[in-house]
Visitor: 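First, the structure itself, so that you have it in front of you.
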Amino acid sequence: MANLKLDIRNVLSFIDEEVILSYQEEIEKHFEALYDRSGKGNDFLGWMDLPTGISKERIDDINATAERIRDMAEVFVVIGIGGSYLGARAVIEALGHHFYELKKEKDYPLVIFAGQNISEDYLANLLEILDEKDYAVSVISKSGTTTEPAIAFRLIREHMEKKYGVEEARKRIIAITDKEKGALRTLADNEGYKTYVVPDDVGGRYSVLTPVGLLPIAMAGFDIEKLLQGAESMKNEIAESTDIKENPVALYAATRNALYQKDKIIEILVNYQPELYYFTEWWKQLYGESEGKEGKGIFPAGVSFTTDLHSMGQYIQDGLRKIFETVISVENPNKKLQIPKDEENLDKLNYIAGKRIHEVNLMAEKGTTIAHVDGGVPNIKISIPQVNEKSLGELIFFFEMACALSGYILGINPFDQPGVEEYKRNMFALLGKPGFEKETEKIRKRL
Ligand code: PA5
């Protein structure tokens, strides 16, 4: 059974429930198109099978690889960008100790990331650290040709081969890529790297439940079976009914589209737990890349409260009224800490002495919701009992399904990303990549 709960009561002073329920017919049509794979982008629906589609042998193999690498590495570098990066980082940061790198006793390698930028300083600093640490690496690229991870991998591979020798380096590199195409596949086959496959029918931003996400997550010591079980329970719940009143995915998709029609064109995903920062980044990619096309789409933004109440709070309370919030509300923390009593009480906090920190956080959440609703910001609440593998699995599948459904309501293909190519063409032209001569001539004139 899924534990995730959706609450749209704080939307209903902005839109009549009837308007949301009026999406019912459309929702049914789009669910059908998803389930019978007849809608736009239907060759990229493999993610719908992932919660149950991965075999026990594959899970065991991923865990065994993680175990093997753990014995040889203090640091595990995950190279990838976009969908080949954000899912793993979202889950690892959500589940990990906030100060893991500072812990003395470490049962698992510290997972760090590269290939998600082209910063010379970032990469140089990384190589400096890798001089000092025993490390292994996974290079993740579905296409096998993306510039950012290719640059990072070229540097790290050279570093690793110098440090450990070519033979040993081969044992420390894992490639996750297409089953047959692309430069990374060719290199991995030539070098004999351990590889995992990104399925053809799963796009990058829907790939966290493939080895793309599962291997780094297992490497960091988290339970990938529980993550998949969470996703499965959400999948089962969604399959039970297409009724907006019963199906949380249908309700979320209908509500955000109804808000969009009322000119609420920016959705802010709100968390009150800093460990969910990268989950928001993952969500932003999922929705931004899926829906932002053909001149349409809700702009996905994110904030971490209460931190950002001291920066973005003013705008949300009082700025342009084109926004709505979707809050991920965590019912219980994983640890326990109370506010201590202080005899002097100079900070005047004794009125909350003895209370759990989380209770204060929850009151901040409730108070903020009421303030923002009063200020004209509709509020959707998504509750999970705790931040753990199961809840994250539920959230992942919930948001993926809702994104597909929302995209279909919007009338676009939620599984392609034609716009992403534009910057690449210009960058290649500016760098003088062979084959881009005409573009190079044109674009240089514009500089
Ligand atoms: O969602 C997507 O398709 C993109 O964000 C890709 O994941 C990203 O561009 C990386 O692509 P690749 O895995 O081919 O290197």
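Both ligands and their constituent atoms are indexed starting at 1 by order of listing.
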Visitor: Please enumerate all residues that pass salt bridge (Lys or Arg N to Asp or Glu O under 4.0 Å) together with K226, with sequence neighbours excluded.
Guide: D223

Visitor: Ignoring hydrogens and angles, tell me if any N or O in the side chain of T326 forms a donor-acceptor pair with the backbone of I380 under 3.5 Å.
Guide: no

Visitor: Salt bridge check, D178 against K142: does any charged N sit closer than 4.0 Å to a carboxylate O?
Guide: no

Visitor: Among residues at least two apart in sequence or on other chains, which ones pass salt bridge (Lys or Arg N to Asp or Glu O under 4.0 Å) with R172?
Guide: E168

Visitor: Let me know which protein residues bring a heavy atom to under 4.0 Å of ligand 1; chain then number is fine for ordering.
Guide: I81, G82, G83, S84, S141, K142, S143, T146, G204, R205, Q285, E289, Q417

Visitor: For residues 179-201, which residue pairs pass the ring pair (Phe, Tyr, Trp, His ring centres under 6.0 Å) check, not counting sequence neighbours?
Guide: none

Visitor: Relative to Y252, does R256 satisfy both conditions: NZ or CZ under 6.0 angstrom from the six-membered ring centre, and within 45 degrees of the ring's axis?
Guide: yes

